[in-house]
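We name chains A, B, ... by the order of the sequence lines, and we start the count at 1 in each one.
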Protein chains: 2
Amino acid sequence: MSSEHDSQLLKGVLSLLLLHLISERESYGYELVQRLHQVGLTEILEGTVYPALARLEREGRVSARLVASNAGPARKYYRPTVAGRDALTAGTADWMSLAAVVGAQLARRLPAEPQEGA
Amino acid sequence: MSSEHDSQLLKGVLSLLLLHLISERESYGYELVQRLHQVGLTEILEGTVYPALARLEREGRVSARLVASNAGPARKYYRPTVAGRDALTAGTADWMSLAAVVGAQLARRLPAEPQEGA
DNA sequence: GCCAACTACTTGACATAGAATAGTAGTATA
DNA sequence: TATACTACTATTCTATGTCAAGTAGTTGGC
């Protein structure tokens with residue numbers, strides 16, 4: 001349902017999600033795209049994820065290591081650095097507090113509509 | 001607390017909030033900045049809100065009328081158009097569903113931490 | 001009547017980050 | 001060696017928030 005013209009809404013959230021996912025389990029770009037699709041973000045493309053990972057690496061929030069694959073080119077596995085975990089914690093708090101405000105405002109428009117996103 | 005380096009997190013959300021606020025009550029730019037500050041978004045500047053309103057107007061999502069003020073220049077009062085209300089409804093649904101996913105993911109990082117953002 | 005202060009809106013240069021698209025390269029299989 | 005799938009890289013475009021400055025109307029002190 002919906003989630004077709006998010007575009008801007010994803011800004012800033014994607015890097016947070018990526019940090020979270022690799023913090024749950026070391027992962028590589030291609031797989032991260034699939035994991036994002038699995039949790040419902042089906043419109044996120046490789047061309048969005050790879051640059052985001054490169055940004056995170058350049059900023060020192062994730063570290064990467066190449067691991068040979070038996071089904072294609074080597075995979076670049078990412079895991080958060082200490083700075084990455086800090087950023088994730090801070091970013092999560094940021095997002096939570098903004099979401100609380102936004103949610104409180106926008107929720108008024110959906111008086112008692114059942115949500116199935118949980 | 002926090003809400004200091006949101007920057008990107010606000011993308012797309014601001015126009016939604018503006019549509020919501022003027023849909024609650026017709027309002028003008030200067031006042032909208034103050035209303036945003038009141039609900040907790042204290043870092044939003046005029047230079048952010050006015051261009052956002054101009055964009056919404058250019059896109060036909062809000063209409064504006066000038067009303068003379070007794071304490072300064074004329075105020076430009078905004079209210080949503082039909083397209084604006086549609087955009088608000090669609091955008092709210094979009095945000096809610098994204099927030100559900102993001103919240104479900106990120107919430108795991110804060111097992112039982114009390115939130116005071118409500 | 002002029003100047004300061006406050007209200008309110010406008011504008012333009014800038015940075016960030018996601019979208020779109022294409023391209024490169026490794027492995028396997030036929 | 002050609003095809004298909006996996007996986008990463010590179011380039012360009014665009015939307016939108018930030019920053020900073022500026023315009024203009026009203027009021028009040030002097």
Nucleotide of C:dC9, C:dG18, C:dT16 approaching B:K76 most closely (side-chain heavy atoms)
C:dC9

Side-chain ion pair, B:R35 and B:E24, N-O less than 4.0 Å
yes

Mutual orientation of the aromatic rings belonging to A:W95 and B:W95 [parallel < 30°, tilted 30-60°, perpendicular > 60°]:
parallel

Please report, rounded to the nearest Å, how far the C1' atom of C:dC9 is from the OH atom of B:Y28.
12 Å

According to a strict under-4.0 Å criterion, is A:Y30 in side-chain N/O contact with OP1 or OP2 of D:dC8?
no

A:P73 vs A:P51, nearer the 5' end of DNA chain C by closest nucleotide:
A:P51

Passing option when A:L9 is tested against B:L9, B:V102, B:V13 for side-chain contact (heavy atoms from CB on, under 4.5 Å):
B:V13

Please determine whether a side-chain nitrogen or oxygen atom of B:R75 lies at a distance below 4.0 Å from atom OP1 or OP2 of D:dG25.
no

Checking contacts here: which listed nucleotide (D:dC19, D:dG17, D:dA7) is nearest the side-chain heavy atoms of B:L45?
D:dC19

From CD of A:E46 across to P of C:dA19 the rounded distance in Å is 13 Å

Please state how far atom CG in A:L41 lies from atom C1' in C:dA19, giving the value in whole angstrom units.
15 Å

Do the side chains of A:R25 and A:E31 get close enough for a salt bridge, i.e. N-O under 4.0 angstrom?
yes

Less than 4.0 angstrom between a side-chain N/O of A:Y50 and OP1 or OP2 of D:dC8, yes or no?
yes

Rounded to whole angstroms, how far apart are CG on B:L14 and C1' on C:dA17?
17 Å

Selected nucleotide, minimal atom distance to B:Q8 side chain, candidates D:dC8, C:dA17, D:dG17:
C:dA17

